[in-house]
Amino acid sequence: MYELLKKDGMAKRGRFHTVHGTIETPVFMNVGTAAAIKGAVSTDDLRQIKTQVELSNTYHLHVRPGDQVVKKLGGLHRFMNWDKPILTDSGGFQVFSLASLRKIKEEGVHFHSHVDGRKIFMGPEESMQIQSNLASTIAMAFDECPSSVADKKYIRNSVERTARWLKRCKDEMDRLNSLPDTINPHQMLFGINQGGVYEDIRIAHAQMITELDLDGYAVGGLAVGESHEEMYRILDAVVPYLPENKPTYLMGVGTPANILEAVDRGVDFFDCVYPTRNGRHGHVYTNHGKLNLFNAKYELDDRPIEEGCGCPACRSYSRAYIRHLLKAKEMLGMRLCVLHNLYFYNTMMEEIRDAIDAGEYKAYKKRKMDGILQR
């Protein structure tokens with residue numbers, strides 16, 4: 001399923017074969033939480049801006065419209081008109097983000113829906129069942145994402161429970177993939193490494209989950225309050241204990257600089273809401289730093305967001321016009337900024353792959369960092 005084509009230091013250049021197409025890695029997955037990219041971006045747009053993988057959220061789609069609804073409509077690919085790979089996260093992050101609305105027990109997690117307050121229960125089996133109904137390409141194991149500032153005893157107990165949950169996820173996915181009415185019987189499962197900022201817990205957990213021979217392995221529970229330096233320290237410690245012949249996914253990360261640093265530490269897969277969230281607020285990425293298009297200095301600036309960029313915004317519109325749209329609260333302004341940012345990320349991943357292919361990743365990383373950190 002995963003071909004390791006080349007290494008440049010720790011940086012990996014790979015190819016991941018799935019039932020919905022081949023993913024060239026390293027890759028940035030464009031986040032469409034509720035089966036849509038925020039900012040009025042369609043799946044036709046995603047094809048145009050070089051998106052390889054779309055990511056949707058198990059918990060949100062379970063709450064609305066309901067995973068059974070999606071299954072009746074033929075699965076998530078058909079529902080949202082997207083024929084390339086989709087990764088669904090497990091709902092486990094909501095165990096962290098909805099802390100005031102949940103109670104964790106061995107069997108799973110009791111939630112109150114953030115939409116209407118109704119009671120929801122999700123455990124490993126339920127998460128796998130929902131993701132099977134969604135029929136995503138890659139399903140994530142159900143885990144707890146403990147706070148990075150939790151004490152070591154809590155994190156150790158949490159990680160041990162996550163390890164037990166992973167075995168239940170694997171057993172349930174094997175069962176679901178064998179059923180005659182399963183839409184995607186080739187659904188893959190990625191496990192998630194947890195352990196906060198404690199290297200010993202992280203390494204022990206990595207060794208434990210590697211024994212299950214899953215389709216891929218994620219590093220979770222980072223970018224949730226710890227410093228960038230702590231995140232890089234944990235990656236330095238744990239990635240060598242994850243299988244080199246499987247994809248490594250750093251969940252919820254991050255900035256262009258975070259991605260460049262993590263690729264240098266052997267990470268293949270990334271996702272983050274930054275490019276869409278920042279775009280909706282008029283913040284756009286360029287090779288010369290990030291711009292805030294609300295700033296008055298762009299009022300008469302007839303240049304594109306970035307000279308030479310091939311995105312739909314830069315091909316047709318000026319900074320001045322996009323600033324006007326943003327100031328006037330026209331949705332088109334938000335949409336153009338989101339399209340530009342996702343195109344920037346997807347193009348950067350292309351450049352990263354080319355640099356690793358050429359054995360020049362260190363030099364590329366330095367040039368890119370020097371540019372994007374200018375402002």
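Numbers here are sequence positions counted from 1. Here the structure is a predicted model, which means the values were calculated and not measured.
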*asked:* Is the distance from the ring center of His60 to that of His114 below 6.0 Å?
replied: yes
*Will you find, in the side chains of Gln187 and Ser136, an N or O donor that is under 3.5 Å from an N or O acceptor?*
yes
*Just how far is it from atom CD of Glu126 to atom OG1 of Thr58, taken to the nearest 0.5 Å?*
12.5 Å
*Any donor and acceptor pair, going by atom type alone, linking the side chain of Asn193 with main-chain N or O of Gly220 inside 3.5 Å?*
no
_Residues Lys366, Asp370: salt bridge by 4.0 Å N-O rule_ = yes
*asked:* Ring of Tyr232, cation from Arg265 - is the NZ or CZ under 6.0 Å from the centre and inside 45° of the axis?
replied: yes
_Side-chain donor/acceptor of Glu199 to backbone N/O of Val197, under 3.5 Å_ = no
*Donor-acceptor under 3.5 Å (Tyr298 side chain, His324 main chain)*: no
_Could you walk me through whether Asn346 and Asn30 satisfy the side chain to side chain donor-acceptor pair (under 3.5 Å) test, starting with their C-alpha distance in whole Å, then the side-chain angles of each, then the deciding distance to 0.1 Å, before giving a yes or no?_
CA-CA 9 Å; Asn346 292 337; Asn30 294 184; 3.3 Å; yes
_Derivation of the salt bridge (Lys or Arg N to Asp or Glu O under 4.0 Å) call for Asp213 and Lys246_ = CA-CA 9 Å; Asp213 191 30; Lys246 300 286 179 76; 2.7 Å; yes
*Report the C-alpha separation of Val41 and Leu46 in whole Å, then their side-chain angles, then the decisive distance to 0.1 Å, and conclude whether the side-chain contact (heavy atoms from CB on, under 4.5 Å) test is met.*
CA-CA 7 Å; Val41 174; Leu46 293 184; 3.9 Å; yes
_Identified salt bridge (Lys or Arg N to Asp or Glu O under 4.0 Å) partner of Glu24 from the options Lys6, Lys50, Arg353, Arg13_ = Arg13
*Side chains of Glu261 and His228: does their closest heavy-atom pair fall under 4.5 Å?*
no
*Look at atom OH of Tyr2 and say whether more than 12 heavy atoms of other residues, nucleotides or ligands are closer to it than 6.0 Å.*
yes
_From CA spacing to verdict: salt bridge (Lys or Arg N to Asp or Glu O under 4.0 Å), Lys153, Asp151_ = CA-CA 6 Å; Lys153 181 181 177 183; Asp151 65 62; over 6 Å; no
*Just checking, is any N or O donor in the side chain of Glu172 or Gln129 under 3.5 Å from an acceptor N or O on the other one?*
yes
*Begin with the C-alpha distance, continue with both residues' side-chain angles, and end with the deciding distance and a verdict on salt bridge (Lys or Arg N to Asp or Glu O under 4.0 Å) for Asp181 and Lys71.*
CA-CA 10 Å; Asp181 66 337; Lys71 182 175 183 179; 3.2 Å; yes
*Using the ring pair (Phe, Tyr, Trp, His ring centres under 6.0 Å) rule, collect all pairs that involve residues 237-259, keeping only residues at least two apart or in two chains.*
none
_Non-neighbouring partners of His110 that pass ring-ring contact (aromatic ring centres under 6.0 Å, His included), sequence neighbours left out_ = Phe121
*Go through the steps for Glu299 and Arg319 under the test salt bridge (Lys or Arg N to Asp or Glu O under 4.0 Å), then give the verdict.*
CA-CA 8 Å; Glu299 185 178 20; Arg319 296 174 179 181; over 6 Å; no
*Below 4.0 angstrom, N of the basic side chain to O of the carboxylate: do Arg175 and Asp171 qualify?*
no
*asked:* Would you say Tyr285 and Asn278 are linked by a side-chain donor-acceptor pair, where the criterion is simply a distance under 3.5 Å?
replied: yes
*Treating Ile, Leu, Val, Met, Phe, Trp and Tyr as nodes and any side-chain heavy-atom pair under 4.5 angstrom as an edge, say whether Leu342 and Ile352 lie in one connected cluster.*
yes
*Measure from NZ or CZ of Lys119 to the centre of the six-membered ring of Phe111 and say whether it is under 6.0 Å with the direction within 45° of the ring axis.*
no
*Arg277, CZ atom: more than 12 neighbouring heavy atoms under 6.0 Å*: no
*Hey, are Thr25 and Lys12 close enough side-chain-wise for a donor-acceptor pair under 3.5 Å?*
no
*To the nearest 0.5 angstrom, please state how far the CG atom of Leu336 sits from the SG atom of Cys314.*
9.5 Å
_Non-hydrogen side-chain atoms of Thr18 and Met1 separated by less than 4.5 Å_ = no
*Do Met231 and Arg233 come close enough that some side-chain heavy atom pair is under 4.5 Å?*
no
*What residues, two or more places apart in sequence or in another chain, satisfy ring-ring contact (aromatic ring centres under 6.0 Å, His included) together with Tyr317?*
Tyr321
*Say whether Val19 and Met173 are linked into one hydrophobic cluster, either directly or through other cluster members, by side-chain heavy-atom distances under 4.5 angstrom.*
no
*Using the side-chain contact (heavy atoms from CB on, under 4.5 Å) rule, take Cys309 and Tyr343 through it: C-alpha gap first, then chi angles, then the decisive distance, then the call.*
CA-CA 9 Å; Cys309 175; Tyr343 183 93; 3.7 Å; yes
*Just wondering, more than 12 heavy atoms not from Arg78 lying within 6.0 Å of its CZ?*
no
*Tell me, yes or no, whether the heavy-atom count around Met331 atom CE, taken from other residues, nucleotides or ligands under 6.0 Å, exceeds 12.*
no
*Side-chain donor/acceptor of Arg168 to backbone N/O of Glu107, under 3.5 Å*: yes
*Hey, are Thr162 and Glu144 close enough side-chain-wise for a donor-acceptor pair under 3.5 Å?*
no
*Taking NZ, NE, NH1 and NH2 as the nitrogens, is one of them in Asp45 or Arg335 under 4.0 Å from a carboxylate oxygen of the other?*
yes
*Verify whether one side chain among His17 and Glu3 offers a donor that lies under 3.5 Å from an acceptor in the other.*
yes
*Is Thr255 reaching over with its side chain to a backbone N or O of Asn258, donor-acceptor style, under 3.5 angstrom?*
yes
*Answer with yes or no whether the side chains of Thr33 and Asn57 bring together a donor and an acceptor at under 3.5 Å.*
no
*Would you say Thr137's side chain and Ile86's backbone share a donor-acceptor pair under 3.5 angstrom?*
yes
_Just so I know, are the side chains of Thr51 and Trp82 near enough to count as touching, which here means a heavy-atom distance under 4.5 Å?_
yes
_Whether Arg303 side chain and Ser318 backbone form a donor-acceptor pair below 3.5 Å_ = no
*Mind checking whether Tyr198 and Val239 sit in one hydrophobic cluster, side chains of I, L, V, M, F, W, Y counted as touching below 4.5 Å?*
no
*Please confirm whether the backbone N or O of Gly196 pairs with a side-chain atom of Arg202, one donor and one acceptor, at under 3.5 Å?*
yes
*Return yes when atom NZ of Lys167 has more than 12 non-hydrogen atoms of other residues, nucleotides or ligands closer than 6.0 Å, and no otherwise.*
no
*Under 3.5 Å, side chain of Tyr217 to main-chain N/O of Ile209, donor-acceptor pair present?*
yes
*Charged N to carboxylate O under 4.0 angstrom, Asp264 versus Lys365?*
yes
*Say whether, by atom type as modelled, one donor and one acceptor occur between the side chain of His288 and the main chain of Gly371 under 3.5 angstrom.*
no
*Is the Phe270-Phe28 ring centre distance short of 6.0 angstrom?*
no
*So, do Leu214 and Lys170 sit near enough that their side-chain heavy atoms are less than 4.5 Å apart?*
yes
*How about Thr347 and Glu351: does a side-chain donor come under 3.5 Å of a side-chain acceptor?*
no
